Amino acid sequence: MKRFFALPAMAVLLFAGPPASAKPIAFQNGWTAMAEYGAGTMSEAQTYYAPKFWYSIGAGQLRIDAEDGRFSRDISYVRTNALLKRWNLPKAQANIFAFGGLGRATGSDFSGAETVGQAGLQADYETLRFYSSAKSEIHHATAFTHRIDTLQLGFAPYAHRYDGVATWIVAQGRTYTGGIYDGVEAALLLRLFAARSWGSVWFEAGPTLDGKLQAMTMFNF
Amino acid sequence: MLKTLVALTLALISTFAAAQANQSITMKVDGLVCAFCAQGIEKKLKGFAATDGVYVDLEHGLVAMGLKPAQDVPDAELTSTLTDAGYTVKAISRSVEPLAAIKQAHSK
């Protein structure tokens with residue numbers, strides 16, 4: 001029932017306009033490294049290099065653990081991210097990214113290693129005080145198909161300065177298909193980030209409604 | 001006598017011009033809403049030999065860079081640099097104000 005309402009809401013926010021989350025592209029000649037612990041359901045580490053500001057290439061490792069313990073999957077992949085469209089506005093920025101990749105998957109619910117393809121879309125919109133992001137990604141192999149949809153909405157109690165520390169309160173909703181998790185995995189996150197001359201650091205963490213930890217860290221350099 | 005007067009005049013003009021030389025460039029930039037993402041701008045601008053410091057003001061969508069004495073960066077290169085960083089340059093202006101003064105004025 002919860003999913004009945006949650007997924008259309010995500011779709012509306014995704015396609016009605018802009019959203020931003022951890023962007024898979026830093027800047028031209030920049031590196032991005034990300035690691036996420038998703039409430040025990042998913043864990044992911046990624047690293048990307050951006051030859052241009054509109055695309056990046058890299059690799060990642062994704063671990064999926066079904067909520068009921070029926071299966072787990074490990075996916076190693078290479079991936080390309082592309083900035084399809086960016087709107088630079090006087091007081092806001094919006095982006096649409098697409099990504100796709102190939103990898104190898106092993107799992108407790110199938111034997112051997114399988115080739116897995118992945119594809120996704122991410123859209124974001126942000127100002128200095130408001131933030132929204134929607135992301136949908138699908139992984140497909142002969143033995144399984146699952147999709148992960150993530151929506152984030154956030155606000156900043158103050159407009160951060162370039163040389164200061166940004167603070168955001170972010171509500172996150174995530175759904176999984178393929179029997180990974182039933183319903184919406186919701187979390188309330190505290191996000192902090194700062195830019196320094198050697199690079200940028202991002203950290204966010206908070207509890208899910210199930211009382212589990214949702215956390216993500218990212219570095220641009 | 002005439003030669004001396006001309007030389008003196010040229011020296012005065014040269015001194016005045018040096019004193020009035022541009023010390024900073026200010027760029028109005030659209031899309032500047034996140035320090036985490038705008039860090040690429042600072043890195044790129046610091047790559048110019050003429051750069052003597054960079055200041056980013058997110059609230060006013062402004063990027064300023066200090067210039068080393070008697071140096072400059074063409075507008076086309078600045079625009080190209082910020083475009084490659086993923087942003088849109090709306091205006092570029094030069095000033096005799098040093099970067100520190102611009103920073104102080106916008107820090108209030």
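Just so it is clear, the model here is predicted, and its values are computed rather than measured. Throughout, a chain's letter reflects where its sequence line sits, starting with A, and its residues are numbered from 1.
With a threshold of 4.5 angstrom between heavy atoms, B/Lys43 approaches chain A through side-chain atoms but not through N, CA, C or O. Residue contact with chain B, scored on non-hydrogen atoms closer than 4.5 Å, is absent for A/Phe130. If you measure heavy-atom distances from A/Arg129 to chain B, you find no contacts under 4.5 Å at all. The part of A/Leu89 that comes within reach of chain B is its backbone (N, CA, C, O), which places non-hydrogen atoms under 4.5 angstrom from that chain. For chain B, the nearby part of A/Trp198 is the backbone; its heavy atoms alone come within less than 4.5 Å. Proximity to chain A is absent for every atom of B/Lys28, based on heavy atoms less than 4.5 angstrom apart. For B/Ala38, the parts sitting under 4.5 Å from any heavy atom of chain A are the backbone and the side chain alike.
Interface with chain A: from residues 68-80 of chain B, no residue qualifies, criterion being any non-hydrogen pair under 4.5 Å.
Residues in residues 197-209 of chain A take part in these salt bridge (charged side-chain N to carboxylate O under 4.0 Å, His left out) pairs, two or more places apart or across chains: A/Arg191-A/Glu204. Within the structure, ring-ring contact (aromatic ring centres under 6.0 Å, His included) pairs that include any residue of residues 63-104 of chain B do not occur (at least two apart or interchain).
Distance SG/B/Cys34 to CD/A/Glu126: 5.0 Å, rounded to 0.5 Å. Rounding to the nearest 0.5 Å gives a distance of 5.0 Å between CD1 of A/Ile75 and CG of A/Leu62.
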- Message: If you apply the rule side chain to side chain contact (heavy atoms under 4.5 Å, CB included), what do you find for A/Ile25 with A/Tyr48, and how did you get there?
- Response: CA-CA 7 Å; A/Ile25 304 173; A/Tyr48 297 107; over 6 Å; no
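Put simply, the side chain of B/Leu62 does not reach to within 4.5 Å of the side chain of B/Val29, judged on heavy atoms. A 4.5 Å side-chain heavy-atom check between A/Tyr49 and A/Asn29 finds at least one atom pair inside the cut-off.
Most heavy-atom pairs under 4.5 Å with chain B: of the set A/Ala159, A/Ala92, A/Gly30, this distinction falls to A/Ala92. Your options are A/Asp163, A/Leu83, A/Val201, and the one with the most heavy-atom pairs under 4.5 Å with chain B is A/Val201. The candidate from A/Tyr162, A/Phe27, A/Phe221, A/Phe53 with the greatest count of non-hydrogen atom pairs under 4.5 Å with chain B is A/Tyr162.
Checking A/Thr115 against A/Arg104 by side-chain atom types alone, a donor-acceptor pair falls below 3.5 Å.
Remark: side-chain polar atoms of A/Ser200 are paired, donor with acceptor, to backbone N or O of B/Phe36 under 3.5 angstrom.
Between A/Thr41 and the choices A/Glu185, A/Gln214, A/Glu67, the side-chain contact (heavy atoms from CB on, under 4.5 Å) rule is met once, by A/Glu185.
Every residue meeting the salt bridge (charged side-chain N to carboxylate O under 4.0 Å, His left out) condition with A/Arg63, not counting sequence neighbours, appears here in chain and number order: A/Asp65, A/Asp74.
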